Enquirer: 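What follows is a structure written as structure tokens; I'll ask about it next.
Everything quoted here is computed from the prediction, not taken from an experiment.
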Amino acid sequence: MTKSHFIALSCVGFIASAPAMAADTVPASAAERAKAIADQQAQDAKRAVERDEIIVNGKNDAAPAVVESPKATSAIIDTPQTITVISDQVIRKQNLQTLRDALQTIPGITFGAGEGGGGYGDSINLRGYSANNDITVDGVRDSAQYSRTDPFNIQQIEVYNGANSVFNGSGSVGGTINLVTKEPRAEDLTIVQGSIGTDDYYRGAIDANR
């Protein structure tokens, strides 16, 4: 008898709760819907804040880096190869005194210290491969093993990553380093540099273009 009463009460509870659930799903009135839409539009209007138009007038005085090789037929940005150019401005402003100092600013280049009887001079490794035979001056191979001390006559340094027989002939897969020497320019320019250091270090350089 107790079990049947429990079932009856359960059925009554379910029937009583059904109208309450139905009442919650009754759609709101037209006025409430219109108010909700108006509130949403007001919030959207706050998000879409009108901004003043900014016009910038200027001129880029710095010319983009270019490759001096006559075999380069397009700009660096359009060349499907990684090419890094260190200009004379960078060499002068960072006070880079040797080729080694200049190449230390480029990732992927390391230097040997005579391991394996490598001898003296610039022992350059480009992307893990020896670049001793992949150094050129104005596109002409300069594979001699010596220390390139002072870049006073260097206009810019071009580092080609990867095999580039198109630009510099046969070489290793690491890449090629091309040293571009200075040449007369159209503008008048005179640069005087001087430095003093320890161990009786003195250095002076004059670069004049007339």
Enquirer: Mark yes when over 12 heavy atoms from residues, nucleotides or ligands other than I206 sit less than 6.0 Å from its CD1; otherwise mark no.
Expert: no

Enquirer: Testing the basics here: between Q156 and S87, what is the closest heavy-atom pair and its distance to 0.1 Å?
Expert: CB-CA, 4.0 Å

Enquirer: Which residue in the set L179, L96, I86 passes side-chain contact (heavy atoms from CB on, under 4.5 Å) when paired with I154?
Expert: L179

Enquirer: OG1 of T110 to CG of N125: how many Å apart, nearest 0.5 Å?
Expert: 4.0 Å

Enquirer: State, yes or no, whether a side-chain contact exists between Q155 and E183 at a heavy-atom distance under 4.5 Å.
Expert: no

Enquirer: Would you check if the side chain of N209 reaches a backbone N or O of E187 as a donor-acceptor pair within less than 3.5 Å?
Expert: yes

Enquirer: Are any non-hydrogen side-chain atoms of V140 and V137 less than 4.5 angstrom apart?
Expert: no

Enquirer: Can you name the nearest heavy-atom pair linking G139 to N178, along with the distance?
Expert: N-OD1, 3.0 Å

Enquirer: Rounded to the nearest 0.5 Å, how far apart are CZ of R141 and CD1 of I135?
Expert: 10.5 Å

Enquirer: Once rounded to the nearest 0.5 Å, what's the spacing between atom CD1 of I157 and atom CG of L99?
Expert: 5.0 Å

Enquirer: Quick one about N153 and T181 (side-chain donor to acceptor, distance below 3.5 Å, no hydrogens or angles considered), yes or no?
Expert: no

Enquirer: Is a side-chain donor-acceptor pair under 3.5 Å present for R210 with T190?
Expert: yes

Enquirer: Check the hydrophobic clustering (I, L, V, M, F, W, Y; side-chain heavy atoms under 4.5 Å; chains of links allowed) and say if Y160 and V85 are grouped together.
Expert: yes

Enquirer: Determine, stepwise, if the pair Q104 / I109 fulfils side-chain contact (heavy atoms from CB on, under 4.5 Å).
Expert: CA-CA 7 Å; Q104 282 179 342; I109 294 182; over 6 Å; no

Enquirer: Is there side-chain contact between V159 and I83, with heavy atoms separated by less than 4.5 Å?
Expert: no

Enquirer: I want to check something: taking the side chain as every heavy atom from C-beta on, are L103 and F111 in contact at a cut-off of under 4.5 Å?
Expert: yes

Enquirer: Just so I know, are the side chains of Q97 and Y201 near enough to count as touching, which here means a heavy-atom distance under 4.5 Å?
Expert: yes

Enquirer: Out of curiosity, E158 CD to T136 OG1, how far, rounded to the nearest 0.5 Å?
Expert: 8.0 Å

Enquirer: Shared ILVMFWY cluster between V90 and I177, side chains joined below 4.5 angstrom?
Expert: yes

Enquirer: State the CD1-CD distance between I191 and Q89, to the nearest 0.5 angstrom.
Expert: 7.0 Å

Enquirer: Flag the pair K182 and D88 as a salt bridge only when some basic side-chain nitrogen lies within less than 4.0 angstrom of an acidic carboxylate oxygen.
Expert: no

Enquirer: Drop me the distance from D39's CG to I37's CD1, to the nearest 0.5 angstrom.
Expert: 10.0 Å

Enquirer: Taking all non-hydrogen atoms of both residues into account, name the closest pair between T176 and L126 and its distance.
Expert: N-CD2, 3.7 Å

